[in-house]
Amino acid sequence: MDKKLKLKILDIMITARCMEERMAKMSKSADAFFWLGGVGEEAFNVPLGLLAKVGHGLDYDFFHFHYRNGSTMVAMGMDPMDQLRQTHNRATDPFSGGRNFCNHYARKAWNVVPVTSTIQTQMSVAPGTAYAQKRHGGDGVTVVTFGDAGTAEGDFHVGLNWSTIKDRELPVLFICTNNAYGISTHYDEVHGQDNLAQIAAGYGMKTKVIDGNDVEVSYEALSKAYDYVRKERKPFFLEAMVSRLHGHSSSSGGNRIPDGKEPDCLHAWRDKLVEQDLITREDYDRKYQAETRRMLQLLEEVRKEPAPEPGDIYNYIFASV
Amino acid sequence: MDKKLKLKILDIMITARCMEERMAKMSKSADAFFWLGGVGEEAFNVPLGLLAKVGHGLDYDFFHFHYRNGSTMVAMGMDPMDQLRQTHNRATDPFSGGRNFCNHYARKAWNVVPVTSTIQTQMSVAPGTAYAQKRHGGDGVTVVTFGDAGTAEGDFHVGLNWSTIKDRELPVLFICTNNAYGISTHYDEVHGQDNLAQIAAGYGMKTKVIDGNDVEVSYEALSKAYDYVRKERKPFFLEAMVSRLHGHSSSSGGNRIPDGKEPDCLHAWRDKLVEQDLITREDYDRKYQAETRRMLQLLEEVRKEPAPEPGDIYNYIFASV
Amino acid sequence: MANMAQAIRMALHYGEEHLGVTDIFGEDVGPPLGGVFTATQGLKTTWNSPLDERGIIGAAIGLALAGQKPVAEIQFGDYIFNTIDLLKLAGNTYWSGNGEYNLPMVVMTNVGAGIHGSLYHSHSFESMASHIPGWKIVLPSTPKDAYGLMISAIKDPNPVMYLYPKMLIRAKGEELIPGEPEDERELRRMIDAPIGATLYDVIEARDGWQPSWPEGLTDYSIPIGKAKIVREGKDLTIVTYARHVILAREAAKILENDLGISVELIDLRSLYPWDRETVFASVRKTGRCLVLNEDTPVTNYGEHILHHIIDNCFYELVAKPRVLAGADVPAIGLSAVLEEASVPQIADIVHEAVAITTEEP
Amino acid sequence: MANMAQAIRMALHYGEEHLGVTDIFGEDVGPPLGGVFTATQGLKTTWNSPLDERGIIGAAIGLALAGQKPVAEIQFGDYIFNTIDLLKLAGNTYWSGNGEYNLPMVVMTNVGAGIHGSLYHSHSFESMASHIPGWKIVLPSTPKDAYGLMISAIKDPNPVMYLYPKMLIRAKGEELIPGEPEDERELRRMIDAPIGATLYDVIEARDGWQPSWPEGLTDYSIPIGKAKIVREGKDLTIVTYARHVILAREAAKILENDLGISVELIDLRSLYPWDRETVFASVRKTGRCLVLNEDTPVTNYGEHILHHIIDNCFYELVAKPRVLAGADVPAIGLSAVLEEASVPQIADIVHEAVAITTEEP
Ligand SMILES: Cc1ncc(C[n+]2csc(CCOP(=O)(O)OP(=O)(O)O)c2C)c(N)n1
Ligand SMILES: Cc1ncc(C[n+]2csc(CCOP(=O)(O)OP(=O)(O)O)c2C)c(N)n1
Ligand SMILES: [Mg+2]
Ligand SMILES: [Mg+2]
């Protein structure tokens, strides 16, 4: 990883973090009804976005995201303002027109299919895009992301099973961001395996478990995994152990968890780059404050944008014949 | 296995086979609308029933059966007449009062919970009885049986997952009778694993794959598996490769498949016992003919029994408070 | 004349050749079987899915998201109930993304009783289906409509639920489908796959078999949302669909011949959207109506129709309008006695019709 | 007064102590959280299930088959739609086995909009639920009814769907539940678990915490199938349930005070079986009726009620009866503007009521 890339990743992580922190704050005011997001997953989710092949159609990657992929979207090029628009449920929200919760993206130009609130159903849908990609040829892959607790749904099996049929293996990159919790329930209380990759391995697919709090480890594992799926046209299961720094969502407070309880990947990356003399602590703080300010400015803009109209509920029910 | 047991198993296999053959015939006449059953699974299914702890309540085994467990029920003590009653949808059918397809048992006195037509849902229900048994103590286990194709349902994962939670493992004996087909679709067309036990093993449970056409192999594997689950109070996954000698059901004809396409476990067992001088071929033929005749006589009795009345549809909708 | 399975098959063939259908899939949909009711024999884009309805609906959504045009089959409507959340997602995908992704997909499954199918080959699904927003729903009662509605379903850029009545799958039509050969034995020879006593025989018999599709098939289509007046009448409107069109037609004959009651019979064909104008015009004319189907009666689709008849024709009704549906029981029993007691029969329809037309307020 | 979450908690406690409840389980139902809406805090038989609704309903069926008495929670009604096939199985188990196995189980989940929950924390479920035979369905609008209906649900030897309105979970009651302490702060101190800013703080705060249950709780129960006349009136009957009881009450006040229209308001409380006699008696008295709920309008449970009102009171109606339901859209949008446009509001109820009572045939 060269210096430029390292700094680029840091910048995106900062942007994403500041965006999410603003969103969490919004949920404590009249600006938003709700927040949930990926604070603590940036070290992994940013490389996930940077390494993607982003575009429209079968030659590009398809994304079936979990609701914690904000920093992936930022890495892919999303304007944070769009996310604030959704969080503030403006009519200008490009992903849902003020209809859906934050982190519920939909962007056809990037093959980002609508994020659904129903945990794990994306695992049953992902084989469909992958099947089309495999038939089409090329090196586009289907990326599907999900949490640890959600793997208990039967859809987990559906996705793994459809992707490993003999001579019909599918180019799916399965990504489990394991933060050890489903809302309040700890991993150990509802699972019996050391990790979820063990289950996936039973299907005969390649798997790997990594420390998702480490940027370099994540970047490297993701490069290899993407590569494998792109070339072999077979599935890969990557499990990243990550943190959940603001808890589950605004429903459980959305507050920063006590210091030291879980590693902060942004701080770790900052400290590493400071140590490597790629950046000073002051640079970092300046950037962080600038992004924090920028998010507030964006929000101020967003606040001026119109709310949906009552009649909008009737838009986009059926596409016209 | 002593001589007595060997002969006992043969006798039960003959009874079950003759019962099913009669049922398949019934489905070609006005006697029945439909047949499906376990012709070709007797070598495995009879020991499954013989080794069970049959009775009512948590001290006994619970059974969540697939629709091919007729010979298991015979081994547990079912009067074949009851099965003919169901096949002929008589009001006297003790399992469903003429409501359900054949092989859809329900017998509370034996902890045989209602067989459901919805493939694989029994896998989502089985953890419930096993959970109650584990809490209760004793050595009762939950037996759940299913086919190979049905393992594609998400419920397969549900059952495996709920049974392997850390410190809450459940005493479930998972039985997959793998006949290599789901209706017309071959195993290899819809699976990527050499066997389904490989998937189960990923959950960290003990597994074994056996030749379910061999009585001795089946008996021994089942003894060990039952024992393990009874004592360890943990799940075991046993996969038995079996035959489907009359095809899927009467919908696909219900006819005997061409000779030599799949092994006939009853003939194999017969030949072995003849070879071991435990029985002569003439004894066998006599028994077989006698059971064939007996089934016809039973059917003649059953034919005299009443059909349900129209008003019966309103019975047993709600239990009274 | 073609039966309904053949009609669907021909429409799917037309869809593959001319309308961009990319995948026709589901349990036993591909070779060797071509569907448990033969509706997908000989087609070129069929494949067998795992035995997994959630995976089937999920894959159909994924294929549609990826710009394909899938037709996914659920082998029996009885087994679609583990996918309702996914059907809901399919129905709200266009809306939730504010128009980003529409889903051009067809889900096809059979419904209703009548084949002595016991609890799980007798289910109705239309009431629940109609409560899932974002779907169009069609349900033909004749082979010709089956063809025309499938063509429309395929052309539609939205999720379309294509239901068809189990009991009528093998019933022959009374009208030729455009392009269908006149001689039905000829048609069978052309497009029905060879049979066999067991699966092994079937596989052998079909080795190398290819259908020979009728040349002249067209994109003959029935617009979604358009009902058919099966027979005109003046005393009573019966609104129904699926196999109860057939039963109601028999009942109407009896009513006419034996009692001089003239029934106007409407086959809805599309359940969502449905043909409000045709229904209301008829009810306004006759002043009396019976909504008929075989689904269970609590929160039944017929009650929705009744509600809108009330809403639009209340002051024109001259007698209490009624709904005749299946019995309020958990399922259909196997015994013919039980099945008949659970599903409206011709005699029941006659009975209700007489009650409505002779009622003194 | 207790809020609804506390009422449910107390009823479940009573159920554990006196009515044989063996398992109260679901996602986040056990410690440390005790339910996302606190309804299961401090109970002794709670446990956290995997995040798996099919497993939850399946396990509940299995536990009931094994003679236990489970209360299973689906965290949000929005997430119950992947279990419909299992709910159908639960509903037909007693029938399919001809009486061999009845299932004494309760499934509890919340329904409806009103918490700015966007697409997937706003769903109604009652229309679809009522179409699943073999279940009893209750849906309280007050804490006291919530208590009494939970007691009845637990006592019932059949599957009971216990729905409760998301929006009213934290609303305080107006009547004391028998045995509830008079001082609500006292009640909070006794049975509300300590709070914390994050999950880590919550876990710490609750370490060693035990509730102290009110001593005098009773088996006060509301019979399943019994509606409540919330207010008497003479001009118009409004039949509703859940949070629309609250909205309709407000509307009724406006109608009375501003327009002199006297509304009789019925809270069904049980949706299956429902209190036909109370509804019909009221409609016969007023001659006018409005059935009200917030579920989507196609094949809506209110249409079932309307159908039976038509069937039983048609010739006594003096004006066209109506159903006011949610908008015919795929979901509820997050923006308050969208939510309000999708769910009947007080003004909408007033508007309909005026239309019905002023209608000239
Ligand atoms: C089908 C379904 N069930 C329940 C929920 C409610 N719910 C939302 S998030 C969540 C926990 C998810 O945990 P996990 O999968 O580990 O993802 P994480 O939030 O930890 O990233 C639950 C139970 C849901 N959204 N969908
Ligand atoms: C949920 C569901 N989907 C589809 C069916 C229709 N069906 C009945 S049996 C069967 C094949 C089952 O194959 P397998 O699980 O291998 O069991 P086998 O019949 O071979 O014993 C299918 C698809 C069903 N009964 N239930
Ligand atoms: Mg998690
Ligand atoms: Mg099989």
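Predicted model, so just to flag it, every value in this text is computed and none were measured.
Of the listed residues (C:Gly333, C:Ser118, C:Pro321), the greatest number of heavy-atom pairs within a distance under 4.5 Å of chain D belongs to C:Pro321. Listed options C:Leu306, C:Thr296, C:Ile80, C:Asp328 were ranked by heavy-atom pairs under 4.5 angstrom with chain D; first place goes to C:Thr296. Chosen from D:Ile132, D:Val291, D:Val298, the residue pairing most often with chain C at heavy-atom distances under 4.5 Å is D:Val298. Chosen from D:Glu126, D:Arg54, D:Met128, D:His308, the residue pairing most often with chain C at heavy-atom distances under 4.5 Å is D:Met128.
Interface residue C:Leu119: only side-chain heavy atoms are found under 4.5 Å from chain D. Using a 4.5 Å cut-off between heavy atoms, C:Pro297 contacts chain D through its backbone alone, with no side-chain atom that close. For C:Tyr94, no part lies near chain D; criterion is any non-hydrogen pair under 4.5 Å. Using a 4.5 Å cut-off between heavy atoms, C:Asp78 makes no contact with chain D at all. Both the backbone and the side chain of C:Leu89 come within contact range of chain D, judged by heavy atoms closer than 4.5 Å.
Ring planes of C:Phe76 and C:Tyr79: perpendicular class, angle over 60° (limits at 30 and 60°). Ring geometry for C:Tyr301 versus C:His304: interplanar angle of 30 to 60°, hence tilted.
Ring-centre distance between C:Tyr241 and C:His244: not below the 6.0 Å cut-off. Between D:Phe81 and D:His123, the distance separating the two ring centers is shorter than 6.0 angstrom.
A distance-only check finds no donor-acceptor pair linking the side chain of D:Lys166 to the backbone of D:Ala113 [under 3.5 Å]. Side chain of D:Glu352 to backbone of D:Asp348: no donor-acceptor contact under 3.5 angstrom is found.
The residues C:Arg284 and C:Glu277 are annotated as not salt-bridged, no charged nitrogen and carboxylate oxygen being separated by less than 4.0 angstrom.
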